[in-house]
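The next block holds one structure in the form of structure tokens; read it before the comments.
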Amino acid sequence: MPSNRPITPSTLSIKDLPWQIHWNKDKCTLCGSCTAVCPVNAIELGVFRKRTVETALGIEGSASSVFKVYHGIRQRTDAAYACVGCAMCTQVCPNDAIMPYRSDEAPKLPYHINQGGQPRRRGGRRNVPGGILDQIKFLRISMLTDPALDAGRHEFEVRTLLGRVLPPEESLKHFNENGWVPPVREIYPLIIGSMSFGALSPPMWEGLQMGVAYLNEELKMPVRMCTGEGGCPPRLLRSRFLQYVILQIASGYFGWDEIIHAIPEMKVDPCAIEIKYGQGAKPGDGGLLMWNKVNQLIAAIRGVPVGVSLPSPPTHQTQYSIEESVAKMIQSMSMAWGFRVPVYPKISATSTALAVLNNLTRNGFAAGLAIDGEDGGTGAAYDVSMNSMGHPIASNIRDCYLNLAALGKQNEIPLFAGGGAGKTGNLAANAAALIMLGASGVQIGKYIMQAAAGCLGSETDRCNICNVGLCPKGITSQDPRLYRRLNPEDVAQRVVDVYLSFDTELKKIIAPLGRSTSLPIGMSDALGINDFNAAERLKIQYVI
Amino acid sequence: MCRLFAITSETPVSPILALGALDVMREGHDGSGVGLFLRDLGGPFDDMKDAPILSGIFTKDGIKRLDSYMMNLGFMTKYKISFKLPKTTPEGVPRRDVYLIRAYEYPEEWEGRSFEELGRELMSIRLQLREMGQAQQDMIVFSFWPDVIMVKEIGDPLTVGKYLNLDREDLTARVIMAQGRQNTNYAINLYACHPFFLQGLSTMTNGENTAFVPIKEFLMSRGFPGYMGFQSDSEVFTHILHYTLASLGFGIEAYKHIITPLQGADLEDHPNAPLLKQLKQSCRRMIIDGPNCVIGSLPDHSLFMVQDRKKLRPGVVGGRPGQYAFSSEICGLDAVIPDRDKRNDFQPMHLDTAIVGPDRQEIRICRQTDPLPRQH
């Protein structure tokens with residue numbers, strides 16, 4: 001380093017970065033694929049000057065210095081161009097000559113990532129790997145007292161209900177008097193949660209929709225997918241596939257002009273309407289689609305100008321209270337579809353969830369409650385919101401279920417749990433644990449991106465650049481040069497793979513517990529954990 | 001597994017007959033306990049069909065407390081059966097002070113009350129006594145209902161029967177249910193012993209109820225005081241039967257639609273599909289997830305047997321007009337009604353409810369795919 005090199009407070013060396021690129025000169029063919037593919041331009045062509053000392057072989061002659069130039073890869077150290085560890089360079093390198101490695105030292109980058117006073121924003125999940133769900137075991141295995149069932153050969157009915165279910169006496173009364181019975185959908189308990197058209201790229205969204213349609217129409221698995229807050233493509237709104245879609249409305253109301261106008265032309269009703277009040281990844285903060293991703297298509301569907309950031313307000317501006325939300329929004333949404341479509345709110349997990357739930361129990365139009373825990377993913381949020389705000393899903397869903405059970409309404413208002421299911425890949429086990437803690441179903445988002453489209457993001461801060469539309473896999477990008485890397489047909493195929501394997505794994509869990517004909521919602525006697533305090537808190541068995 | 005045997009007969013029979021059948025099936029149970037339910041009683045009880053009969057086990061102190069409690073309520077003893085016990089108890093059977101079977105006269109001021117009112121009162125007295133007994137460990141109360149007697153004890157069924165001298169002439173019934181084995185899933189407790197009784201309904205079950213905890217939570221939140229106990233995972237079958245009949249107003253034909261609702265095309269094609277779909281949803285928390293064979297007795301003196309959807313438990317019904325028996329195994333049936341036409345033996349499968357009505361003339365098979373009887 002020259003002695004006069006300007007060193008600013010934010011001047012970092014490669015060592016200070018979270019990811020370091022290891023490059024092998026011997027293997028490199030200088031093809032340039034890595035520098036071309038790098039989404040954040042962390043690497044560039046480097047021209048290196050190198051001195052070689054050559055000693056004379058004989059007695060005569062003297063040693064000399066030879067200066068040579070060689071070409072290679074140089075990692076940039078500017079905070080804005082720091083490597084995100086996505087390893088796309090490794091993926092495209094024909095000779096395996098390059099790979100990012102995580103620093104063995106605490107990175108200094110986090111202290112400098114707020115250049116210009118702008119705190120870090122990113123996509124992905126809370127940067128904390130693992131979680132309590134992975135610690136939960138299934139203990140109540142039917143042994144000699146009863147034969148365990150055969151997951152491969154038995155008859156199973158893996159279904160859940162989405163919608164307000166009347167108590168038996170009232171249900172019969174309504175039936176006999178031809179009264180109104182709230183709409184209830186019988187669906188598969190694993191739902192693709194709300195990821196908006198805009199947050200996701202067109203091929204990703206299309207792939208998910210195709211996969212869901214195939215699961216429904218060919219495999220008879222009633223899988224549902226929620227749109228997220230970003231509207232819905234007009235052709236889908238007017239097709240029969242809308243019945244597999246849960247339309248989401250959130251505080252920005254993006255896309256709802258289009259949806260409302262399409263109602264008279266809808267061939268079928270949507271599965272349900274989800275009113276988003278909060279998101280587990282960034283509770284208390286509104287949705288965010290950064291300007292980078294608002295291209296013409298997205299702008300048209302959402303009804304906004306091109307190239308502006310779209311931050312949704314943290315609350316629905318027309319509402320002051322939960323009572324009002326329930327009365328105004330749930331009822332008017334129900335009315336819009338002639339009371340034929342279940343309408344339910346989604347909130348982020350919070351210690352005030354019980355207050356919301358109790359209010360919903362008193363309103364006959366509330367079709368359920370979706371709760372999104374702190375480990376939920378997002379396309380864009382402030383780093384601080386993701387890492388530090390929120391409530392774990394396990395105890396929140398358990399509290400809500402036990403509260404419903406105390407009120408005798410555990411069958412009337414289904415709870416849907418999201419946020420962190422399958423975080424470490426154990427989707428079926430996590431989902432089964434949430435169901436046995438009291439959830440009627442489980443929503444997934446990040447998992448399906450990872451499994452169906454190869455999302456590289458991790459909870460150890462790998463990649464996570466969904467927010468700026470630079471997704472190297474084309475999952476969350478709106479740039480055709482990036483998203484053409486993703487083939488929607490392949491995504492659909494993977495969605496089907498994921499659901500079929502999930503179904504087998506779920507059966508491998510519930511069959512040994514002796515369950516097959518009804519989803520074991522609230523079957524807490526099956527659960528155990530080797531953490532005493534967690535066991536006490538969740539009211540499940542403590543086992544060591 | 002436990003073994004079940006039930007008989008319905010025009011002429012009253014001794015409960016020892018049912019215990020004999022259990023003994024024949026002893027390879028299928030561990031002889032750890034016995035429960036007996038007697039209804040449509042013969043002998044001296046034949047003439048007092050309306051008198052509520054209290055069945056239970058008491059200590060000497062318990063009897064004193066019972067007497068003063070019942071006296072205060074205005075109940076007078078009308079008739080009782082006294083058991084003279086041998087000096088030595090058989091191995092494995094605990095020594096008890098008093099096995100009580102006592103018929104009462106209603107208090108005078110209860111005259112004119114409807115049957116429903118009486119039913120509520122009788123249940124609340126039974127629950128009160130049970131609570132008092134559990135507090136001081138001096139009373140165990142099985143039933144308090146007209147024309148119903150229950151006996152439960154730990155030990156080998158036939159040995160217990162002989163020890164209590166159940167072969168006596170004054171203890172006979174036209175409907176008898178017997179179960180051999182104590183509950184093994186939870187602590188040994190006579191309240192966990194089948195058959196279970198609630199307001200004139202009684203059931204006993206073979207098999208583990210894997211959906212016990214969610215079902216229990218659902219029943220507990222119904223606000224009905226009789227849905228209590230839950231010492232056994234099989235007790236909820238009685239409660240669900242009660243809920244189906246009393247709260248929902250259905251007949252026994254609907255019981256299977258509650259505990260094991262139809263699926264898929266069977267449900268879609270059912271003549272009552274709209275009702276059954278709604279019922280399946282609203283009663284979802286009462287779906288049992290078997291394998292279970294349930295035998296039950298109804299107030300009209302019918303006996304029935306249902307299997308869960310998996311049909312992994314044994315169960316057979318057979319007999320001849322005038323006498324039919326429900327048994328876990330055919331050998332039990334053979335032991336009691338050997339001279340029947342075995343071709344007419346029926347083993348209910350996953351859609352069947354087998355019912356022998358009060359006339360005891362035939363086995364009525366109600367398939368779940370049949371239309372439900374019209375509701376009144």
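Naming convention: chains lettered A, B, ... in sequence-line order (proteins, then strands); numbering from 1 in each chain. Bear in mind that the values here come from a model prediction, so they are computed numbers and not experimental data.
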Could you state the interatomic distance from CG (A/Asn411) to CZ (B/Phe218), rounded to the nearest 0.5 Å?
-> 6.0 Å
State the CZ-CG distance between A/Phe175 and B/Asn272, to the nearest 0.5 angstrom.
-> 7.5 Å
Student check: side-chain heavy atoms of B/Ile287 and A/Thr517 closer than 4.5 Å | yes
Which of A/Pro167, A/Ser524, A/Ser518 touches chain B most, by non-hydrogen pairs under 4.5 Å = A/Ser518
How many angstroms lie between CD in A/Glu169 and CZ in B/Arg222, if you round to the nearest 0.5 Å?
-> 7.0 Å
Could you tell me whether A/Arg140 and B/Glu208 have a side-chain N and a carboxylate O separated by less than 4.0 Å?
-> yes
Nearest 0.5 Å, what's the CD-CD distance between B/Gln281 and A/Glu412?
-> 12.5 Å
Would you sort out whether A/Ser440 and B/Arg284 count as a side-chain contact (heavy atoms from CB on, under 4.5 Å), showing the intermediate values?
-> CA-CA 12 Å; A/Ser440 281; B/Arg284 177 171 56 151; 4.1 Å; yes
Checked A/Ala405, A/Pro520, A/Ser516, A/Gly522 vs chain B; the most non-hydrogen pairs under 4.5 Å come from A/Ser516
A/Leu407 and B/Ser221: side-chain contact (heavy atoms from CB on, under 4.5 Å), yes or no, with the steps?
-> CA-CA 7 Å; A/Leu407 294 172; B/Ser221 60; over 6 Å; no
Could you give the distance from OG1 (B/Thr210) to CZ (A/Arg515), rounded to the nearest 0.5 Å?
-> 5.0 Å
Are any of the side-chain nitrogens in B/Lys280 or A/Glu157 under 4.0 Å away from the carboxylate oxygens of its partner?
-> yes
Part of A/Glu155 within contact of chain B (heavy atom distance under 4.5 Å) | side chain
Region of A/Leu161 in contact with chain B, defined by heavy-atom distances below 4.5 Å | both
Shortest non-hydrogen contact from B/Phe250 toward A/Leu172 = CE1-CD1, 3.5 Å
Rounded to the nearest 0.5 Å, how far apart are CD1 of A/Ile521 and CD of B/Glu217?
-> 12.0 Å
Provide the closest heavy-atom pair for A/Gly514 versus B/Lys310 in the form atom of the first, atom of the second, distance.
-> O-NZ, 3.5 Å
Part of A/Pro168 within contact of chain B (heavy atom distance under 4.5 Å) = both
What part of B/Ile288 lies closer than 4.5 angstrom to a heavy atom of chain A: side chain, backbone, both or neither?
-> backbone
Heavy-atom distance under 4.5 Å to chain A: side chain of B/Pro261, backbone, both or neither?
-> neither
